[in-house]
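Computation of the quantities below employed the complete heavy-atom set of this structure, encompassing side-chain atoms and omitting hydrogens, waters and symmetry-equivalent molecules.
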Amino acid sequence: MTWRQVLLLFCLLAVVLLSMLREGTSASVGSPQEAGDEAQEVKNRQKLRADELRREYYEEQRNKFENFVEEQKDEQEERSREAVEQWRQWHYDGLYPSYLYNHHRI
């Protein structure tokens, strides 16, 4: 083979490779409409993920607040019960059994 044949073969190979690369990039990129659709789809997925994270955050905050309120209510009930019990003990005159023991047995 002469150097001209080698050069011709190399140029032909380069043309074939460039045409294959061109088809590959056009297939992967697609039309501008498809690229815009993909970008919109990515934005939509990001918005949905952000909404999901926001929803989880607010649900967690609501659960924490509900637990806090429940604990406060329980503490208030306990303080109220203790205050009532102290009042009963203070005002017990000794003539009658205390309130806790003043129930009928059958």
Side-chain angles (χ1 to χ4, degrees):
M1 279 195 342
T2 63
W3 64 275
R4 286 184 183 181
Q5 290 175 339
V6 171
L7 185 61
L8 183 63
L9 183 62
F10 181 73
C11 288
L12 182 61
L13 183 62
V15 168
V16 170
L17 283 175
L18 286 175
S19 66
M20 287 174 53
L21 285 174
R22 181 184 231 174
E23 290 175 8
T25 56
S26 67
S28 66
V29 172
S31 68
Q33 177 66 26
E34 291 175 359
D37 290 344
E38 288 181 18
Q40 186 64 32
E41 187 177 329
V42 168
K43 287 181 184 178
N44 287 340
R45 281 198 305 261
Q46 288 175 342
K47 286 181 183 178
L48 289 174
R49 180 66 181 147
D51 288 344
E52 181 181 348
L53 290 174
R54 190 177 306 112
R55 197 170 28 252
E56 288 175 0
Y57 171 78
Y58 285 123
E59 181 179 354
E60 181 179 334
Q61 294 299 314
R62 185 177 62 244
N63 288 339
K64 285 182 181 179
F65 181 71
E66 288 175 355
N67 290 340
F68 172 77
V69 168
E70 185 70 26
E71 289 175 6
Q72 292 293 322
K73 188 180 82 167
D74 290 346
E75 289 177 8
Q76 180 62 34
E77 288 176 358
E78 180 66 21
R79 285 193 297 271
S80 175
R81 187 192 63 75
E82 289 176 357
V84 168
E85 183 62 29
Q86 287 176 356
W87 186 88
R88 287 179 181 155
Q89 289 177 357
W90 178 260
H91 292 284
Y92 177 61
D93 61 1
L95 298 177
Y96 301 100
S98 69
Y99 178 82
L100 293 177
Y101 301 108
N102 191 14
H103 59 274
H104 300 285
R105 290 189 167 81
I106 298 176

### Query
Do E66 and R62 pass the side-chain contact (heavy atoms from CB on, under 4.5 Å) test, and can you show the C-alpha distance, the side-chain angles, and the key distance before you say yes or no?
CA-CA 6 Å; E66 288 175 355; R62 185 177 62 244; 3.7 Å; yes
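- Taking the side chain as every heavy atom from C-beta outward, L48 and E52 never approach each other to under 4.5 Å.
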### Test side-chain contact (heavy atoms from CB on, under 4.5 Å) applied to V84 and R88, step by step
CA-CA 6 Å; V84 168; R88 287 179 181 155; 3.6 Å; yes
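- Ion pairing between a basic and an acidic side chain is recognised when a charged N comes within 4.0 Å of a carboxylate O; E59 and R55 show no such pairing.
- Taking a cutoff of 4.0 Å between a charged side-chain nitrogen and a carboxylate oxygen, K64 and E60 qualify as a salt bridge.
- Under 3.5 Å, the side chains of Q33 and D37 contain a donor-acceptor pair of N or O atoms.
- Under 4.0 Å is where a charged nitrogen must lie from a carboxylate oxygen, and between E82 and R79 no such pair does.
- Checked by atom type, the side-chain pair R49/Q46 shows no donor-acceptor distance below 3.5 Å.
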### Query
Run the salt bridge (Lys or Arg N to Asp or Glu O under 4.0 Å) check on R45 and E41 step by step: do they pass?
CA-CA 6 Å; R45 281 198 305 261; E41 187 177 329; 3.0 Å; yes
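- Rounded to the nearest 0.5 angstrom, L9 CG and C11 SG are separated by 9.5 Å.
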